[in-house]
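Here the structure is laid out as structure tokens; the discussion comes afterwards.
Computed from heavy atoms alone, side chains included, the values below leave out hydrogens, waters and symmetry copies. The structure presented is a predicted model; accordingly, all values stated were derived computationally and were not measured.
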Amino acid sequence: MSVECFPITILPHVSQLYRDYVALADSAKDAAVRRWYGAEPFAGKWIGKTAPVSHAGVLADLLEKQAVEFGASEAAQANIAKLRAGAQAVVTGQQVVLFGGPLLTILKAATAVARAKDATRVTGVDHVPVFWMATEDHDLAEVDQVSLLTKTTVETLRAGLKVAHAVPVGGVTPGPEIEAVLERASELLEFAPVSEWLRECYLPQDGKRPTLALAFGRLITRIFADQGLIVMDASSREFHALGASTLRYAIEHAGELQAALMARSEELVKGGYHAQVLVAEGASLLFLLDETTGERVALRRNAEDQWKAGGRVFSSADLMAILEVAPERLSPNALLRPVFQDTLLPTAAYVGGPAEIAYFAQSAVLYEAILGRITPVLPRLSATLLEPAIATVMDKDEVQLPDAMTTAEDLAQRLGARAMPIEGKRKLAAVGNAMEGELAALTEYLAGMDASLGSAAEVSGSKMLYQMNRLRRMAATFELQKEASLRKHAEAITLNVFPGGHPQERVLAGVWFMARYGEGLVERLVTVAGNQCPGHVVVRL
């Protein structure tokens, strides 16, 4: 297995804030960006930060109970015991997406495992990896899907889950419809051992159907059994009671926190960035579960310091009463969630993706106000996995990953142009260069005579250059027709590494790679994550 490290800038749609954050690894660009994060993410400069909790015993009790439900390995049980004894946690997390979701889920967990190993080795203090399941989100459509690769396309499977209200997704229980989805997934996974894992995790046990949270927890626990990953679902009353101090602070100091967030948003804009989460007047950091329907509704605060959720109005005292008797009804939004998480866990560092890390620039003000510190946030492993057959084709056609971040048609045109005889390339280049030079000189001369002549020359020149480029494309297409394999190569390459115009890690299911490369793939990815490439990695399988 070989590895290549590319700059993160090869990936599309990555925010400038995240790009500058990653650039902290090898540049002095630190004035604004550094102060928004708890520690530098690279070269181990975050290691040594400690965040003990006073409730380690209660936390371990709750995790041990869940570990039984998830079928945790001895290694995971041992790591929970280490937490009880005062170990620190390296945390990551993800929504409970069907069948484990895209590859990035596995990349996140592998990174947490690698960073926990690093910190343990350097400090001599135990650090354990923890996976936080985002079970309280209420966008069911977002998690009710998984994409698997066929020879010619990406097939997205959906269970078609329905709920009457926007309830937390973790508590949704798939019915008999999941069986047909499992059958199709097994076919696409060629009935590899991981397809049996899916059936064991998502089908009824002892006559009881699992929720999305339980099934997802079982699967991630199984995939990372050897690495001792602790998987947790913090949506219960007991976990929310442990984190009640943060929820209480968000109620009591709502106005102050909102003002701080709005000031940070302005600071981000002045720094040339944009706020990742819009903070509007009257918004709050909390959601409330309707006690009748179970719907998760955003709480909003008005000028009279009243809170509204759906059609109901609450006072701060009302919310405090709910927090006292049913804390699970109150849950944090995207900005408060990491603070709530680190109220529960002794988090030494959090491993996140580009969007999460961009959120942290805003969440930092909440950390400082509520916890008096900022948890270091580290980038997850960003990777494209190259199968041997695809790697061979890319090598033969001299295609590197940045070249493949495009459409199949565009890549095919490039391959066709590259396949032209040297003499044809030279002639096209010579004519094109000469035309550009002469047109530029003519346009400048005519513009000196009269501005309108210059404008006309510019328009006419653009038309001639368009026709020249059209001629290049026609020549490339001719070569593609002569060598039909080039188009097939382009289609195969882009399907595998840039499916649907998106990076592979964000589309293709992690279990698809597990099916083809077995349990050993996880440890290999942990090793790759340990190399700490500050950009995007190509892993040749």
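The aromatic rings of F340 and W132 sit perpendicular, their planes meeting at an angle over 60°, well past the 30° parallel limit. Taking the six-membered ring where the residue is Trp, H13 and H502 present tilted rings, their angle falling between 30° and 60°.
Between the T111 side chain and the L381 main chain, a donor and an acceptor come within less than 3.5 Å of each other.
A salt bridge does not link K151 with E387: none of the charged nitrogens is closer than 4.0 Å to a carboxylate oxygen. Contact check on R264 versus E267 returns a salt bridge, with a Lys/Arg side-chain nitrogen under 4.0 Å from an Asp/Glu carboxylate oxygen.
In this structure, a donor-acceptor pair under 3.5 Å is present between the side chains of E505 and S382. If you check the side chains of D20 and Y273, you find a donor sitting under 3.5 Å from an acceptor. For the residue pair Y350/E356, the side-chain donor-acceptor check at 3.5 Å is satisfied.
Of the candidates L411, V399, T494, D397, H489 forms a side-chain contact (heavy atoms from CB on, under 4.5 Å) with just one, namely D397.
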ask   = Could you go step by step and tell me if V146 and W512 meet the side chain to side chain contact (heavy atoms under 4.5 Å, CB included) rule?
value = CA-CA 10 Å; V146 66; W512 188 85; over 6 Å; no
* To do: Just do the side chain to side chain contact (heavy atoms under 4.5 Å, CB included) check on I223 and W197 with the steps written out, would you?
  => CA-CA 9 Å; I223 290 173; W197 294 3; 3.9 Å; yes
*Working for side chain to side chain contact (heavy atoms under 4.5 Å, CB included), residues L345 and Q341*: CA-CA 6 Å; L345 292 165; Q341 162 198 288; 4.2 Å; yes
Check the pair Y202 / F99 against side chain to side chain contact (heavy atoms under 4.5 Å, CB included), numbers first and verdict last. CA-CA 8 Å; Y202 282 84; F99 302 166; 3.6 Å; yes
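Counting heavy atoms of neighbouring residues, nucleotides and ligands inside a 6.0 Å radius, atom CZ of R506 does not exceed 12 of them.
Looking at heavy atoms from C-beta onward, L17 lies in side-chain contact with W36 at the 4.5 angstrom threshold. Proximity of L285 to L261: side-chain heavy atoms (C-beta onward) are separated by under 4.5 Å at one or more points.
For the atom pair CG of N79 and NE2 of H127, the computed distance is 12.0 Å after rounding to the nearest 0.5 Å.
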